[in-house]
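Report on the structure given below.
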Amino acid sequence: MLGGGQLGRMFTEAAQRLGYRVVVLEPNRPCPAGLLADEHLVAGYDQTDALDRLGEMCEAASYEFEAVPAQAVEYLRNRITVRPDAQPLSVAQSRLAEKRFASEHTPATPPVPYQLIADAAQIPAALEQVGTPCILKTDRLGYDGKGQAVVETLEEAEAAFARFDGVSCVLERQLDLQQEVSVIAARDCEQCVVYPVAENEHRNGILHCSRAPANIPETVKAQVQDSARKIADALDYHGVLAVEYFMTPDGIFFNEMAPRPHNSGHYTLDACAASQFEQQARILCGLPLGDPAQHTPAVMINLLGDLWNGREPDWTPLEGDPAVRLHLYGKEEARPGRKMGHLCVLDSDPDAAYARACELYRGLSHE
Ligand code: ADP
Ligand code: MG
């Protein structure tokens with residue numbers, strides 16, 4: 001596993017449960033996945049000696065973050081199986097490429113209207129085209145709302161572009177979102193399965209809460225699931241793929257995709273027959289896909305470092321309730337905005353699950 005964060009950690013747990021051994025490559029020690037892995041190679045992703053070692057020890061590799069250097073994937077794939085492969089990764093790494101891909105392959109759920117800005121001289125015309133308010137997003141390396149700026153005027157757009165050091169960006173309309181949803185697909189060379197749609201609530205650009213199933217009409221669920229499946233098929237994707245959609249008064253828009261398990265799919269650990277991480281391990285190891293069926297409605301809430309406030313929150317209210325699952329990632333230092341863990345509440349009544357999750361979160365955050 002390239003990358004040692006919480007996604008790598010949950011992959012490691014799933015793979016080890018299936019009887020595999022896991023090596024993590026990650027420059028930082030300690031790291032959430034490295035604490036559980038059979039071996040943690042502490043090295044940069046550009047260190048060929050470490051990649052050689054990984055290639056000797058492992059039969060297959062995946063990655064847990066989208067910004068994984070393409071050269072590392074390229075180097076490894078000449079030695080061992082790497083999934084997802086370099087081509088789908090290159091699409092998911094670029095907002096421009098993924099928008100173009102969605103325009104072409106899923107026109108029923110098109111990307112938010114956008115313009116490419118490779119040069120400051122393109123800003124005035126792009127702003128004119130897209131209309132304000134709009135959002136400037138770096139083409140690459142953005143996550144958790146980073147590398148984004150809401151802009152209202154030409155001056156603001158130019159200032160934001162300069163702040164991003166003039167790297168290529170997309171400018172897109174800021175839409176009036178009714179709801180945000182995501183779909184997780186797992187695909188191998190034989191079949192593609194999709195999970196129930198999750199409905200997502202963000203705070204400050206970071207995912208706060210996911211409810212599954214989403215509170216949207218069945219026809220809309222089928223439509224976004226179909227779109228995500230089409231994207232996975234068109235990419236000839238082998239792995240777990242997450243696709244985010246915006247619900248607006250003007251229809252459904254593709255937002256972005258991630259070439260890996262996704263925060264909005266953490267509910268699958270507690271609420272589905274096979275989790276998104278188990279699928280990732282199965283696909284990597286050539287096992288048949290697991291069953292994505294959800295057995296109980298679920299609500300997931302992220303626990304960010306903000307909750308720590310100098311000391312670890314008191315988990316007592318969560319510990320006695322069998323319908324509440326607490327997941328902590330083993331991170332020592334709690335920083336604002338840092339994902340430290342999540343909680344998941346299960347209840348046959350989705351509204352009751354949501355109310356309970358919100359109540360528990362309020363207690364933790366003294367909201
Ligand atoms: P990230 O890679 O940080 O997840 P996103 O493009 O998904 O980047 O943006 C993060 C969040 O910001 C979205 O989930 C959504 O809440 C909000 N957002 C992004 N783009 C738009 C948009 N065009 N209109 C309205 N809200 C947006
Ligand atoms: Mg996103």
Side-chain angles (χ1 to χ4, degrees), residues 1-12 14-16 18 20-98 100-101 138-143 146-147 167-168 186-189 231-232 234-242 256-262 276-277 279-287:
M1 176 55 55
L2 301 178
Q6 64 271 10
L7 299 178
R9 179 182 175 97
M10 291 181 268
F11 164 82
T12 299
Q16 288 176 337
L18 291 169
Y20 294 96
R21 282 179 291 162
V22 179
V23 180
V24 164
L25 174 64
E26 151 74 52
N28 297 305
R29 182 172 50 194
C31 68
L35 291 169
L36 303 186
D38 296 85
E39 185 138 355
H40 175 189
L41 299 174
V42 184
Y45 305 108
D46 55 353
Q47 274 178 246
T48 51
D49 55 338
L51 293 171
D52 284 336
R53 183 95 184 88
L54 192 80
E56 283 158 21
M57 283 192 287
C58 301
E59 282 182 46
S62 189
Y63 38 87
E64 57 122 43
F65 65 119
E66 203 155 328
V68 60
Q71 303 90 294
V73 169
E74 205 48 55
Y75 190 86
L76 267 181
R77 70 191 284 279
N78 290 324
R79 290 160 178 77
I80 57 175
T81 302
V82 178
R83 290 181 181 148
D85 206 348
Q87 196 267 334
L89 173 63
S90 72
V91 175
Q93 281 183 329
S94 157
R95 291 190 187 273
L96 178 67
E98 66 190 4
R100 284 184 174 155
F101 201 86
T138 58
D139 182 42
R140 292 168 173 278
L141 302 178
Y143 69 98
K146 295 189 177 73
V167 296
S168 278
R187 187 179 183 279
D188 64 12
C189 45
I231 289 178
L235 287 166
D236 191 18
Y237 196 84
H238 292 182
V240 174
L241 177 75
E256 62 166 353
M257 64 173 105
R260 51 168 172 77
H262 194 256
Q276 58 172 351
F277 301 102
Q279 306 284 19
Q280 186 182 27
R282 283 173 169 272
I283 295 163
L284 197 54
C285 299
L287 302 183

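Note that the structure is predicted; figures quoted are calculated from it, not measured.
- Here the side chains of V22 and Q16 are in contact, with some heavy-atom distance below 4.5 Å.
- Counting all heavy atoms, side chain and backbone alike, A281 lies closest to L18 at CB-CD1, 4.1 Å.
- Closest of all the heavy-atom pairs between Q93 and E66 is NE2-O, 2.8 Å.
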> After noting the C-alpha distance and the side-chain angles of L241 and R187, does the key distance pass the side-chain contact (heavy atoms from CB on, under 4.5 Å) rule?
Replying inline: CA-CA 8 Å; L241 177 75; R187 187 179 183 279; over 6 Å; no
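- Checking R53, Q47, R29 one by one against L41, the side-chain contact (heavy atoms from CB on, under 4.5 Å) holds for a single residue, R53.
- Residue D85 comes nearest to Y63 through the heavy atom pair O-OH, 4.0 Å, listed as atom of the first residue, atom of the second, then distance.
- Checking side-chain atoms of D139 against main-chain N and O of S168 turns up no donor-acceptor pair under 3.5 Å.
- The closest side-chain heavy-atom distance from S62 to Q280 is below 4.5 Å.
- Atom OG1 of residue T48 and atom OH of residue Y75 lie 4.5 Å apart, to the nearest 0.5 angstrom.
- Considering only heavy atoms from C-beta on, E64 stays 4.5 Å or farther from R260 through its side chain.
- Here the CD atom belonging to E59 is positioned 10.0 Å from the CZ atom belonging to R21, to the nearest 0.5 angstrom.
- Between the side chains of D236 and Q87, no donor-acceptor pair is found at a separation under 3.5 Å.
- With respect to L76, the side-chain contact (heavy atoms from CB on, under 4.5 Å) criterion is satisfied by exactly one of T81, V68, L51: L51.
- We find the CZ-SG distance between R83 and C189 to be 6.5 Å, quoted to the nearest 0.5 Å.
- The side-chain heavy atoms of P84 and L89, taken from C-beta on, include no pair separated by under 4.5 Å.
- At least one donor-acceptor pair closer than 3.5 Å links the side chain of E98 to the backbone N or O of M257.
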> Could you walk me through whether V167 and R140 pass the side-chain contact (heavy atoms from CB on, under 4.5 Å) check?
Replying inline: CA-CA 9 Å; V167 296; R140 292 168 173 278; over 6 Å; no
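- The shortest side-chain heavy-atom distance between L54 and L2 falls under the 4.5 Å cut-off.
- The shortest non-hydrogen separation linking P27 to V42 is O-CG1, 3.3 Å.
- A heavy-atom distance below 4.5 Å is found between the side chains of R79 and D52.
- Atom-to-atom distance recorded for K146:NZ and T138:OG1 is 11.5 Å, nearest 0.5 angstrom.
- Looking at every heavy atom in both residues, Y45 comes nearest to A72 through O-CB, 3.3 Å.
- Of all heavy-atom pairs between I80 and A60, the closest is CD1-C, 4.1 Å.
- In this structure, Y20 has no side-chain hydrogen bond (donor to acceptor under 3.5 Å, both in side chains) partners at least two apart in sequence or on a different chain.
- Between D46 atom CG and Q71 atom CD the span is 8.0 Å, to the nearest 0.5 Å.
- A heavy-atom distance below 4.5 Å is not found between the side chains of V240 and F277.
- Note that the CG atom of L25 and the NE2 atom of H40 stand 7.0 Å from one another [nearest 0.5 Å].
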